[in-house]
Amino acid sequence: MNDRTMVGASVSMATLSLYEHTGGQLDRLCEAIGFDSNDPRPRKLLRQLLGPGGARSLADPPLSPSNVADDTTPIEFSIAFDTTGECAIRVLGESIGTPTPRDFIDAVADEYDLDTTRLDTLGDLFLPPGERQGPFTLWHSLIFRAGRDPKIKLYLNPQISGPDRAASLVSEGFRRLRIPGAFAPVNEHALRRPEQDSFAFFALDLDRGPLSRVKVYVAHEAAECSDVERAAELVPGIDPLQIREFCAFLGGGKGPFRDRPLISSYSFVEGDRDHPSNYSLYFPIRSYVPDDGVARARVHAILAQYDFDGAKLDEAIAAISGRTLRDGVGLISHVSLRLGQFGSGITVYLSSEAYRVMPARRRPVLGIPH
């Protein structure tokens with residue numbers, strides 16, 4: 001755990017298990033967005049995803065600290081606003097205490113008709129035996145939409161064998177997935193600064209069909225807005241002004257953003273060979289605001305820019321936390337802008353804060369606009 005102090009810890013919360021706490025948050029979030037409250041699958045999948053660590057009391061330290069969230073909680077929620085008018089609820093999570101990283105996927109594969117072929121193809125690259133490096137081994141995403149079966153996605157760590165091997169793992173991964181031409185343009189557009197741009201995630205959708213994605217994510221340390229504008233140019237038809245305004249609304253300027261890095265992602269679907277169909281930009285807003293009250297105001301502004309309903313965000317926040325937003329920072333952790341022909345919109349990421357609330361910044365912090 002890090003040494004930031006805890007704010008407003010609840011005695012009653014500490015009597016709950018990690019699963020009970022995050023399960024209650026998920027129930028309220030589904031209700032707030034208008035999902036069927038009688039659908040048992042979100043809760044069931046959450047329990048299976050958490051693994052043995054889910055039964056552990058919040059009064060006790062976690063079995064193993066997770067990098068999913070700043071407070072080491074292995075769960076993060078998000079609400080995706082789509083230009084189609086739909087909303088999706090997503091749960092990013094890490095299994096804690098399972099014998100192998102694949103236990104969750106193997107346990108649910110038959111029930112949810114998951115296609116693990118691509119994971120099997122890449123297993124020796126991204127899940128090698130022996131010692132592993134980097135901040136994680138395998139993360140999972142649960143995706144829920146009203147009236148549809150849940151979908152599951154997984155995140156692999158390109159730096160699992162060390163940062164110096166990340167590019168070769170991604171390149172070989174693309175080759176094995178029969179999109180060898182994808183590596184060079186991604187490298188050219190998104191990794192232009194060798195000391196500051198790096199591969200962060202390699203992700204796979206596990207559903208079947210032509211829109212099942214292969215995604216690669218690149219972290220941009222100390223990036224200017226112009227750096228991510230160039231990254232976005234790889235996907236045809238994206239207006240750089242959208243990228244510029246997104247950074248300005250959320251970060252208060254055009255950079256450089258020297259705290260947590262901006263992240264680009266590219267999505268490849270069936271038929272894509274050397275150019276991805278979609279681009280997303282992830283902005284770590286918690287690093288560039290003094291508190292969650294400011295974060296909420298900025299996110300409302302960007303939602304209004306795209307004609308999304310800010311009231312839905314407020315309902316989602318209330319479902320996750322009852323604290324005063326100005327009393328902490330990090331409840332609203334990231335905001336992403338999704339652009340391209342197979343799904344555009346904005347996603348807002350919300351921390352569970354199961355273990356602690358990060359204190360608000362009451363004084364200006366160098367490099368963080370206020």
Side-chain angles (χ1 to χ4, degrees), residues 2 4 66-80 90 92 94 134-136 139 141 155 157 159 190 193 196-201 203 215-229 231-232 243-265 279-303 313 316-317 320 325 328-339 346-353 356-361 364-370:
N2 56 45
R4 296 185 187 182
S66 173
N67 282 293
V68 167
D70 292 344
D71 72 331
T72 74
T73 303
I75 290 294
E76 179 185 65
F77 301 100
S78 60
I79 173 171
R90 301 173 181 174
L92 175 65
E94 180 176 20
F136 75 103
W139 288 353
S141 179
Y155 296 81
N157 178 10
Q159 301 189 33
R193 306 171 305 151
Q196 296 170 298
D197 299 323
S198 61
F199 288 108
F201 305 98
K215 296 187 70 175
V216 65
Y217 297 70
V218 177
H220 307 285
E221 299 282 353
E224 301 270 1
C225 188
S226 57
D227 295 316
V228 288
E229 287 180 43
I243 304 294
R244 206 170 306 145
E245 289 181 341
F246 187 72
C247 291
F249 271 109
L250 298 180
K254 62 180 182 180
F257 299 103
R258 299 188 184 279
D259 202 292
R260 287 183 176 86
L262 308 189
I263 295 179
S264 294
S265 80
Y279 171 82
S280 294
L281 173 61
Y282 301 79
F283 193 96
I285 190 169
R286 67 195 187 281
S287 294
Y288 300 98
V289 293
D291 58 59
D292 284 305
V294 175
R296 173 191 170 277
R298 292 186 182 184
V299 176
H300 264 261
I302 198 68
L303 290 175
L313 172 64
I317 291 173
I320 298 299
L325 293 181
V329 66
L331 174 62
I332 305 173
S333 58
H334 276 82
V335 186
S336 71
L337 175 65
R338 294 172 280 116
L339 300 169
I346 288 174
T347 302
V348 184
Y349 298 78
L350 301 172
S351 296
S352 171
E353 298 185 327
R356 60 177 62 188
V357 175
M358 300 307 174
R361 304 179 183 98
V365 178
L366 185 63
I368 300 178
H370 294 278

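Reckoned from all heavy atoms, side chains included, excluding hydrogens, waters and symmetry mates. Numbering starts at 1 and runs along the sequence shown.
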Asks: To the nearest 0.5 Å, what is the distance between CD1 on I346 and OG on S280?
Replies: 11.0 Å
Asks: Flag the pair L281 / I263 as yes when at least one side-chain heavy-atom distance between them is below 4.5 Å, and no otherwise.
Replies: no
Asks: Is the shortest heavy-atom distance from the side chain of R286 to the side chain of H334 under 4.5 Å?
Replies: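 In contact.
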Asks: If I take atom OG from residue S78 and atom CZ from residue R90, how far apart are they, to the nearest 0.5 angstrom?
Replies: 5.5 Å
Asks: Work out which heavy atom in I317 is nearest to a heavy atom in I332; give both atom names and the distance.
Replies: CD1-CD1, 3.9 Å
Asks: Can you tell me how far OG of S333 sits from CG of D71, rounded to the nearest 0.5 angstrom?
Replies: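 Interatomic distance, D71 CG to S333 OG, rounded to 0.5 Å: 10.5 Å.
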Asks: Are E94 and W139 side-chain neighbours, meaning at least one heavy-atom pair lies under 4.5 Å?
Replies: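 With C-beta onward as the side chain, the pair touches.
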Asks: For residues E76 and L350, report the shortest heavy-atom separation together with the two atoms involved.
Replies: CG-O, 3.6 Å
Asks: Considering non-hydrogen atoms only, spot the tightest contact between R296 and L325 and give its length.
Replies: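 Looking at all heavy atoms of both residues, the closest pair is CD-CD1, 3.5 Å.
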Asks: Nearest heavy-atom pair of V357 and G328: which atoms, and what distance?
Replies: CG1-CA, 4.0 Å
Asks: Would you mind reporting whether Y279 and I243 have side-chain heavy atoms less than 4.5 Å apart?
Replies: yes
Asks: Identify the heavy atoms of Y288 and D259 that sit nearest to each other, and give their distance.
Replies: OH-N, 2.9 Å
Asks: So, F136 versus Y155, ring centres under 6.0 angstrom or not?
Replies: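 When the ring centroids of F136 and Y155 are compared, they turn out to be at least 6.0 Å apart.
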Asks: Step by step, work out the side chain to side chain contact (heavy atoms under 4.5 Å, CB included) result for F246 and V335.
Replies: CA-CA 9 Å; F246 187 72; V335 186; 4.0 Å; yes
Asks: Are side-chain heavy atoms of S336 and Y349 found at a separation under 4.5 Å?
Replies: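 They are in side-chain contact.
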Asks: Can you see which heavy atom on P135 is nearest to which on N67, and at what distance?
Replies: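 So the two residues come closest at O-ND2, 2.9 Å.
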Asks: Taking salt bridge (Lys or Arg N to Asp or Glu O under 4.0 Å) as the definition, give me every residue that meets it alongside D197, ordered by chain and number, with sequence neighbours left out.
Replies: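 Salt bridge (Lys or Arg N to Asp or Glu O under 4.0 Å) check on D197 returns R193.
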Asks: Given M358 and S351, is the side chain to side chain contact (heavy atoms under 4.5 Å, CB included) satisfied, shown in steps?
Replies: CA-CA 11 Å; M358 300 307 174; S351 296; over 6 Å; no
